[in-house]
Amino acid sequence: DVKVTQSSRYLVKRTGEKVFLECVQDMDHENMFWYRQDPGLGLRLIYFSYDVKMKEKGDIPEGYSVSREKKERFSLILESASTNQTSMYLCASSPPSGIGRMDQPQHFGDGTRLSIL
Amino acid sequence: GENVEQHPSTLSVQEGDSAVIKCTYSDSASNYFPWYKQELGKRPQLIIDIRSNVGEKKDQRIAVTLNKTAKHFSLHITETQPEDSAVYFCASIPPRDNYGQNFVFGPGTRLSVLP
């Protein structure tokens with residue numbers, strides 16, 4: 001069974017801090033994703049990566065960056081945390097896709113509830 | 001880009017009744033449509049999916065139907081039980097001409113099954 005592990009379930013940080021959210025998957029998936037989930041807005045894509053050191057902006061990348069140095073690990077970075085980044089953050093992974101491949105479902109982690117004070 | 005609408009936003013049914021959630025999408029090239037269930041405080045989990053070459057798929061009490069002409073797909077849950085209470089998300093995935101994956105999620109439907 002696919003396991004996607006996020007380093008923290010709950011995190012409290014202060015405005016202006018640099019925040020790192022870590023995600024690890026154990027299925028050798030090429031694709032990894034970061035979403036934020038807010039009530040009434042569903043899941044919004046922040047960034048995704050389809051290979052090591054490759055990244056692509058999603059719908060709401062402002063204020064965030066990502067790092068993928070190893071295939072199994074995808075980090076989300078809040079360069080200078082602000083209160084409007086208080087949210088639930090979900091990481092997901094999926095097998096390779098695009099260029100003639102069939103899409104496969106994404107598998108999610110348990111989420112990190114981040115509060116910025 | 002792809003846009004997914006989902007209705008209703010909330011749904012309450014009596015235990016044993018059926019529930020139907022409908023999603024519409026905009027990109028006629030979309031070819032993969034998964035449904036996720038998210039229980040309170042838990043991760044979204046895939047419950048069923050359908051590809052564009054199939055009109056209907058069923059798994060026990062859950063079924064999904066796809067109307068490519070009208071660009072909508074629906075989740076049907078029969079004989080609902082209290083443990084079906086959750087938020088349900090649909091997604092539409094248009095093809096890409098390079099690597100990666102474009103999941104576009106609907107805003108979610110909160111289903112409450114009343115005992």
Side-chain angles (χ1 to χ4, degrees), chain A residues 1-6 9-10 23 25 29-60 68 74 88-113, chain B residues 1-10 21 23-25 27 29-54 57 59 64 66 86-110:
Chain A
D1 207 17
V2 177
K3 189 150 181 71
V4 179
T5 303
Q6 295 183 229
R9 289 299 305 272
Y10 302 94
C23 176
Q25 50 93 4
H29 284 167
E30 271 74 7
N31 295 328
M32 294 190 75
F33 307 82
W34 276 106
Y35 295 91
R36 67 177 279 176
Q37 184 175 25
D38 300 289
L41 297 178
L43 294 159
R44 293 182 292 166
L45 181 65
I46 304 171
Y47 267 98
F48 74 92
S49 168
Y50 53 84
D51 202 351
V52 175
K53 297 191 185 297
M54 305 305 291
K55 61 185 178 183
E56 195 167 312
K57 292 180 180 179
D59 300 318
I60 51 166
R68 188 139 181 230
F74 192 35
M88 169 67 84
Y89 290 87
L90 287 165
C91 175
S93 74
S94 67
S97 53
I99 310 183
R101 291 191 177 99
M102 286 173 59
D103 281 292
Q104 299 296 330
Q106 293 184 6
H107 301 267
F108 286 86
D110 285 329
T112 296
R113 186 164 293 282
Chain B
E2 174 70 294
N3 183 52
V4 178
E5 296 184 357
Q6 184 172 347
H7 298 281
S9 56
T10 59
I21 302 169
C23 287
T24 59
Y25 60 99
D27 190 335
S30 290
N31 55 19
Y32 178 56
F33 308 93
W35 283 91
Y36 286 82
K37 174 185 180 182
Q38 187 177 27
E39 296 177 67
L40 190 63
K42 296 191 176 180
R43 68 181 71 188
Q45 292 196 299
L46 179 76
I47 54 171
I48 197 165
D49 56 8
I50 192 167
R51 300 191 185 273
S52 58
N53 58 346
V54 175
K57 185 176 179 181
D59 183 4
V64 55
L66 172 64
V87 178
Y88 292 81
F89 294 97
C90 64
S92 171
I93 295 82
R96 284 172 61 96
D97 57 5
N98 54 14
Y99 295 105
Q101 194 173 51
N102 281 345
F103 263 57
V104 181
F105 286 92
T109 296
R110 183 174 298 280

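Only this structure's heavy atoms are used, side chains among them; waters, hydrogens and symmetry mates stay out. Each chain gets a letter, A, B and so on, in the order its sequence line appears, and its residues count up from 1.
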Of the backbone (N, CA, C, O) and the side chain (C-beta and beyond), which part of [X] lies under 4.5 Å from a heavy atom of chain B, both, or neither?
X	result
A:Arg9	side chain
A:Asn31	side chain
A:Gln37	side chain
A:Leu90	side chain

So CD of A:Gln106 and CZ of B:Phe105: to nearest 0.5 Å the spacing works out to 5.0 Å

B:Arg51 versus chain A, the contacting section by heavy-atom distance below 4.5 Å | side chain

Chain A heavy atoms under 4.5 Å from B:Gln38: which part of the residue, side chain, backbone, both or neither?
-> side chain

With B:Gln6 via side-chain contact (heavy atoms from CB on, under 4.5 Å) - residues at least two apart = B:Ile21, B:Cys23, B:Trp35, B:Cys90, B:Pro107, B:Thr109

Qualifying residues under side-chain contact (heavy atoms from CB on, under 4.5 Å), relative to B:Leu46, sequence neighbours excluded = A:Pro105, B:Pro34, B:Tyr36, B:Asp49

Would one find more than 12 heavy atoms of other residues, nucleotides or ligands at under 6.0 Å from atom CZ of A:Arg44?
-> yes

Under 3.5 Å: donor-acceptor pair, side chain of B:Gln101, backbone of A:Phe48 = no

So, do A:Tyr35 and B:Phe103 sit near enough that their side-chain heavy atoms are less than 4.5 Å apart?
-> yes

